[in-house]
Structure formats: structure tokens, C-alpha cells
Amino acid sequence: MDRFHLMSVFVAVAEEEGFAAAARRLHMSPPAVTRAIALLEERLAVRLLTRTTRLVRVTDAGARYLEDARRILLEADEADEAAAGINATPRGHLAVTAPVLFGRSHVMPVITAYQTTYKETTVSALFVDRVVSFVEEGLDVGVRIGTLPDSSLRAIRVGQVRRVVCASPAYLKQHGSPRTPADLARHRIIAATSVSAGPEWTFVKGKEKTGVRIDARIRVNTNDAALEAARNGFGLTRLISYQVANDLAAGRLSTVLTDFEDTWLPVHVIHREGRHGSAKVRSFVDLAVASLRADEALQ
């Protein structure tokens, strides 16, 4: 059986964590998937997967092979597309990642537009408020907010955002607006740990940076939960400007302490850049960059 086919089956089983799900993804029968994995493990003389009644997991050897298999299959696809020419039609599966709220409000419109235009592609989206490994999770394109670490990924800046403190007009009418960061001690605070993980919020005015310890009445691990509590008038929260842009425009929220807002955070579209460049990745990146650079919430 073809080695590339076996690699593709193994990658599908590892990513789907199951033989039946991989069979559906590959349009194969489950027994054929099982035979392919057995043949691959026999050829390599090593166990790549562990099976339980519920899930299939990669072994240590399988994790190393998975990383290499993904890279080899990606380079093979890129070589095919390079031979076909730069105008090759985008096709195949594309994996995209972004922060949860940003993905929902800014990346999903790009994905639907991409799918409408390129009908020979499929897209999976991983929206999580954490930094993910492109190689380990099989990702092609992502959006990152904040300073980027050095890596092999190519980054294209598309805008900038900032952290803002906000509350509902009803809350501010009843409790007043804080005039300095120190005034936050007198207010009910909703802390979103994905935006400010520690107990301290940092503010900047001119060249002076101030840290204020926050005693949160509510602490949540998702931004949308903090946003909902603020909309309902419970208290003040700190989120990223794009997350509250619609509520600010509609008058559901108002910002405070604008003279003390922290430094701007860059927004980048990042992707794995191969030797030739994949048509499916190039076309999605071009569409995402144009769309995000035109978005007023990122200016």
C-alpha cells in the first residue's frame, strides 16, 4: 500500500482520535482504516496508537511520527501545487485558529467567504483563548493578538487592539466612573482571566506605568462571560477593544479610564510558509489580510 496513503490515514486517525471518525473524513470504510494502521505499524515495527473503548491516542513514537508525517504530506501538497502553477485552484482541507470571540466575529466571515469562493476546500476552525502549536495541532493559518515570539511562522500585521475597562451606563450612573486606576478599589470588578491572568491590572499614562491589584467579585475564564456580566450591569470589566466594539457602538457599554489605557497590541495573521506556498493557504491568507485590514475595530 502506498506510503503516503498510510501516512494520511494515520494523521486522520490521530487528529480525529478514532477510526470511525477518520473513516468518515477520508471516505473510507472503518475496516480499511484499521488495516492501513496495522500495515503501517507492521512496516515501522513500532506501535503508533493506543486504543481504548472511547478514544485512540498516539504513543510517544506516534507523536514524533505524526509531526513528521504532517510535514511530509504538507510539502508533498505544496510540491504538487507548485508544479501545477501559482494559479492552481485551492483545494483540500484548511485548519484555522484564532481567539474565541475574535474567531466568532472576525474570522468566521472570512471562512464563509472563502468557502463560498473555493468550493473544493473544507475548513476546520479551532477557536481557543490560548497559544496553540501549529505542528502539534495540524494548523495552517491563525490569528494572534500580542507580541509574537520568534518562530518559523510567517506573520503579516493586519491591525492593532488595546485593553479597555468598561461597564454598562446603568452601572456607571449608579456607582460613578473611576477617575484614576486607584478608584477601582471602590467598584465591583469582573475579571476575565484570559485577558488579565494575574491579580493586577497594568495602566499607563505618559511614561509612567502603574499596577493596581484587583479584588474581583467575579472571576471567569471566558471573555464572553465577563462581557455578559458587564452588559447586565454588575460591574467593571477589562477586555480587548474588538471584543466590546459592537456594545460600545450600540451604547450597551461605555469605557472608563481611557487616559490610562495600556499599550496597543498588534494583530497578525500567521501561517506556515513552505518552500513553494500552498494555494489553499495563500488564498485564505490574502482574503483574511484584506478583510481584517479593512475592519475599523482593528484600527
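The figures that follow rest on heavy atoms only: side chains count, while hydrogens, waters and symmetry mates do not.
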Residue pair Ile37, Leu48: steps toward the side chain to side chain contact (heavy atoms under 4.5 Å, CB included) verdict: CA-CA 8 Å; Ile37 295 300; Leu48 301 173; 5.9 Å; no

Residues Phe19, Arg51; criterion side chain to side chain contact (heavy atoms under 4.5 Å, CB included); working and verdict: CA-CA 10 Å; Phe19 287 82; Arg51 292 85 161 166; 3.7 Å; yes

Full working for side chain to side chain contact (heavy atoms under 4.5 Å, CB included) between Val267 and Val161: CA-CA 7 Å; Val267 180; Val161 293; 4.1 Å; yes

Side chain to side chain contact (heavy atoms under 4.5 Å, CB included) between Arg163 and Glu261, worked out: CA-CA 7 Å; Arg163 295 183 182 92; Glu261 288 172 355; over 6 Å; no

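With contacts defined as side-chain heavy-atom distances shorter than 4.5 Å, the pair Thr193/Arg219 qualifies. You'll find the side chain of Val46 stays beyond 4.5 Å of the side chain of Glu41, heavy atoms only. The side-chain heavy atoms of Leu101 and Asp224, taken from C-beta on, include a pair separated by under 4.5 Å. No side-chain heavy atom of Asp140 sits under 4.5 Å from any side-chain heavy atom of Phe284. Taking the side chain as every heavy atom from C-beta outward, Glu228 and Phe234 never approach each other to under 4.5 Å. Using a 4.5 Å heavy-atom threshold, the side chains of Val9 and Met28 count as touching. Looking only at side-chain heavy atoms (C-beta outward), Val100 and Asn223 stay at 4.5 Å or farther from each other. For the pair Leu298/Phe102, a side-chain contact is recorded, criterion being any heavy-atom separation below 4.5 Å from C-beta on.
Enclosure of atom CD in Glu296 is not indicated, since only 12 or fewer non-hydrogen atoms of other residues, nucleotides or ligands lie within 6.0 angstrom. In Asn246, the CG atom is not crowded: 12 or fewer heavy atoms of neighbouring residues, nucleotides or ligands sit closer than 6.0 Å. The local environment of CG in Asp215 is sparse, with at most 12 non-hydrogen atoms from other residues, nucleotides or ligands closer than 6.0 Å. Crowding of Arg157 atom CZ: a count of heavy atoms from other residues, nucleotides or ligands under 6.0 Å exceeding 12.
Comment: Arg70 engages Glu15 in a salt bridge, judged by a side-chain N to carboxylate O separation of less than 4.0 angstrom. In summary, Arg25 and Glu16 engage in a salt bridge, as defined by a charged side-chain N under 4.0 Å from a carboxylate O. Electrostatic pairing of Arg231 and Asp247 counts as a salt bridge here, judged by a charged N lying under 4.0 Å from a carboxylate O. A salt bridge is absent between Glu200 and Arg238: the closest approach of a Lys/Arg side-chain nitrogen to an acidic carboxylate oxygen does not fall below 4.0 angstrom.
The nearest pair of heavy atoms linking Gly103 to Ala98 is CA-CB, 4.0 Å. Minimum heavy-atom separation, Arg144 to Ile270: CG-CD1, 3.3 Å. Residues Ser254 and Pro169 come closest through the heavy atom pair OG-CG, 3.9 Å. Closest of all the heavy-atom pairs between Ala95 and Gly138 is CB-O, 3.3 Å. For Thr59 against Arg47, the heavy-atom pair with the smallest separation is OG1-O, 2.8 Å. Contact between Pro90 and Lys280 at its shortest, heavy atoms only, is CB-CA, 3.7 Å.
Between the CD atom of Gln243 and the CD1 atom of Ile240 there is a distance of 4.5 Å, given to the nearest 0.5 Å. Note that OG1 of Thr97 is 6.5 Å distant from CZ of Phe134, once rounded to the nearest 0.5 Å. We find the CG-CG distance between Leu253 and Leu227 to be 6.0 Å, quoted to the nearest 0.5 Å. Here the OG1 atom belonging to Thr263 is positioned 10.5 Å from the CD atom belonging to Gln160, to the nearest 0.5 angstrom. The distance from the CG atom of Leu44 to the CG atom of Leu6 is 9.0 Å, given to the nearest 0.5 Å. Distance NE2/His268 to CZ/Arg154: 12.0 Å, rounded to 0.5 Å.
A donor-acceptor contact under 3.5 angstrom links the side chains of Ser124 and His93, judged on distance only. In this model, a donor atom of one side chain and an acceptor atom of the other lie less than 3.5 Å apart for His106 and Asp295. Side-chain atoms of Thr89 and Glu120 form no donor-acceptor pair, as typed in the model, at a separation below 3.5 Å.
Val220 and Val164 are assigned to two separate hydrophobic clusters, defined by single-linkage of ILVMFWY side chains at heavy-atom distances under 4.5 Å. Linking ILVMFWY side-chain heavy atoms closer than 4.5 Å, directly or via other members, places Ile218 and Leu239 in two distinct hydrophobic clusters. Linking Ile, Leu, Val, Met, Phe, Trp and Tyr residues whenever their side-chain heavy atoms come within less than 4.5 Å leaves Trp264 and Val244 in two separate clusters. Under a hydrophobic clustering in which Ile, Leu, Val, Met, Phe, Trp and Tyr are joined whenever their side-chain heavy atoms come within less than 4.5 Å, directly or via other members, Leu39 and Met7 fall into the same cluster. By the rule that hydrophobic residues join a cluster once side-chain heavy atoms approach within less than 4.5 Å of another member, Ile190 and Leu248 end up as members of separate clusters.
For the pairing with Leu94, the side chain to side chain contact (heavy atoms under 4.5 Å, CB included) check across Thr122, Val281, Leu139 returns one residue only, Val281.
Although no hydrogens or angles enter the test, the distance criterion places a donor-acceptor pair under 3.5 Å between the side chain of Ser283 and the main chain of Ala279. Of the possible polar contacts, one joining the Thr50 side chain to the Arg57 backbone as a donor-acceptor pair under 3.5 Å is found.
No cation-pi contact links Arg91 to Tyr118, judged by a cut-off of 6.0 Å to the six-membered ring centre and 45° from its axis.
Side-chain heavy-atom separations under 4.5 angstrom define the hydrophobic clusters, and the remaining members of the one that includes Leu236 are Val165, Tyr171, Leu172, Leu184, Ile189, Trp201, Phe203, Val212, Ile214, Val256, Leu257, Phe260.
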